[in-house]
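Structure first, commentary second.
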Amino acid sequence: EVHLVESGGGLVQTGGSLRLSCAASAFTFDDYAITWIRQAPGKEREGVSCINSSDGREYYSDSVKGRFTISRDNAKKTVYLQMNSLKPEDTATYYCAAVADYGLGSYLNLRFFEYDYWGQGTQVTVSS
């Protein structure tokens, strides 16, 4: 059974940092792009960052560019999201999702069903 497990969420003050992890199992991790997606109550789902497997390219939404950094460790089957300079508007549940990477560029803003696998999410709360 395929698993994506997020961890690293928590409560942090404005300006603080967190590092989220997305650990994968039971699929060929090297062939998949991984996207971090967040959803806050009453708001639409937002793709915040994506890292491809085909070329290692990284993509970021405008709302997090310059503050968040995505990376992947294929040996550990893990993707990380380093979040710095956090703001209250970053408060959300953060999910990682995997999609087979056919070298099509950014997988940042796919529809829900277009991702192959989803994790259960980790809560990030930024206090003002």
* Quick check: does any side chain N or O of Glu6 sit under 3.5 Å from a backbone N or O of Gln120, one acting as donor and the other as acceptor? -> yes
* So which pairs with a foot in residues 59-74 pass salt bridge (Lys or Arg N to Asp or Glu O under 4.0 Å), sequence neighbours left out? -> Asp62-Lys65, Arg67-Asp90
* State, to 0.1 Å, how close Val64 and Val48 come at their nearest heavy-atom pair, and which atoms those are. => CG2-O, 3.4 Å
* Nearest-0.5 Å distance that lies between atom OG1 in Thr14 and atom CG in Leu86 -> 8.5 Å
* Flag if over 12 foreign heavy atoms under 6.0 Å of CD, Glu114 -> yes
* To do: Please answer: with hydrophobic residues joined when any side-chain heavy atoms are less than 4.5 Å apart, are Phe68 and Ile51 in the same cluster?
  => yes
* Asked: Hydrophobic clusters join Ile, Leu, Val, Met, Phe, Trp and Tyr when side-chain heavy atoms are under 4.5 Å apart, directly or via other members; which others share one with Leu104?
  -> Ile37, Tyr95, Val99, Tyr102, Tyr107, Leu110, Phe112, Tyr115, Trp118
* **Heavy-atom closest pair, residues Leu18 and Gly8** => CD2-O, 3.8 Å
* Under 3.5 Å: donor-acceptor pair, side chain of Ser85, backbone of Gly15 -> no
* **Donor-acceptor pair, side chain of Asn52 and main chain of Asp101, under 3.5 angstrom** => no
* Drop me the distance from Lys43's NZ to Glu89's CD, to the nearest 0.5 angstrom. => 7.5 Å
* Asked: What pair of heavy atoms forms the shortest contact from Val124 to Leu20, and how long is it?
  -> CG2-CD2, 4.0 Å
* **Flag for Tyr60-Glu58: side-chain donor and acceptor within less than 3.5 Å** => yes
* **Counterpart residues, disulfide (SG to SG under 2.5 Å), relative to Cys96 (two or more places apart)** => Cys22
* Which residue pairs pass the disulfide (SG to SG under 2.5 Å) test with at least one member in residues 47-78, sequence neighbours excluded? -> none
* Just how far is it from atom CD of Glu46 to atom CZ of Arg38, taken to the nearest 0.5 Å? -> 4.0 Å
* To do: For residues Ser21 and Lys76, determine if any side-chain heavy atom of one lies less than 4.5 Å from a side-chain heavy atom of the other.
  => no
* Asked: Between Val12 and Ser17, is any pair of side-chain heavy atoms under 4.5 Å apart?
  -> no
* Identify the heavy atoms of Gln123 and Ala92 that sit nearest to each other, and give their distance. => NE2-O, 3.4 Å
* **Spacing of Arg45 atom CZ and Asn109 atom CG [to the nearest 0.5 Å]** => 11.5 Å
* What's the spacing between Lys87 NZ and Ser128 OG if we round to 0.5 Å? -> 14.0 Å
Would you be so kind as to tabulate the donor-acceptor pairs closer than 3.5 Å made by side chains of residues 25-34, with sequence neighbours excluded?
none

* Asked: Which other residues belong to the hydrophobic cluster containing Leu11, where Ile, Leu, Val, Met, Phe, Trp and Tyr are joined when side-chain heavy atoms lie under 4.5 Å apart, directly or via other members?
  -> none
* To do: Please answer whether the main-chain N or O of Thr122 pairs with a side-chain N or O of Thr93 as donor and acceptor at a distance below 3.5 Å.
  => no
* Asked: So if you build clusters from Ile, Leu, Val, Met, Phe, Trp, Tyr with side-chain heavy-atom gaps below 4.5 Å, do Tyr80 and Trp36 land together?
  -> no
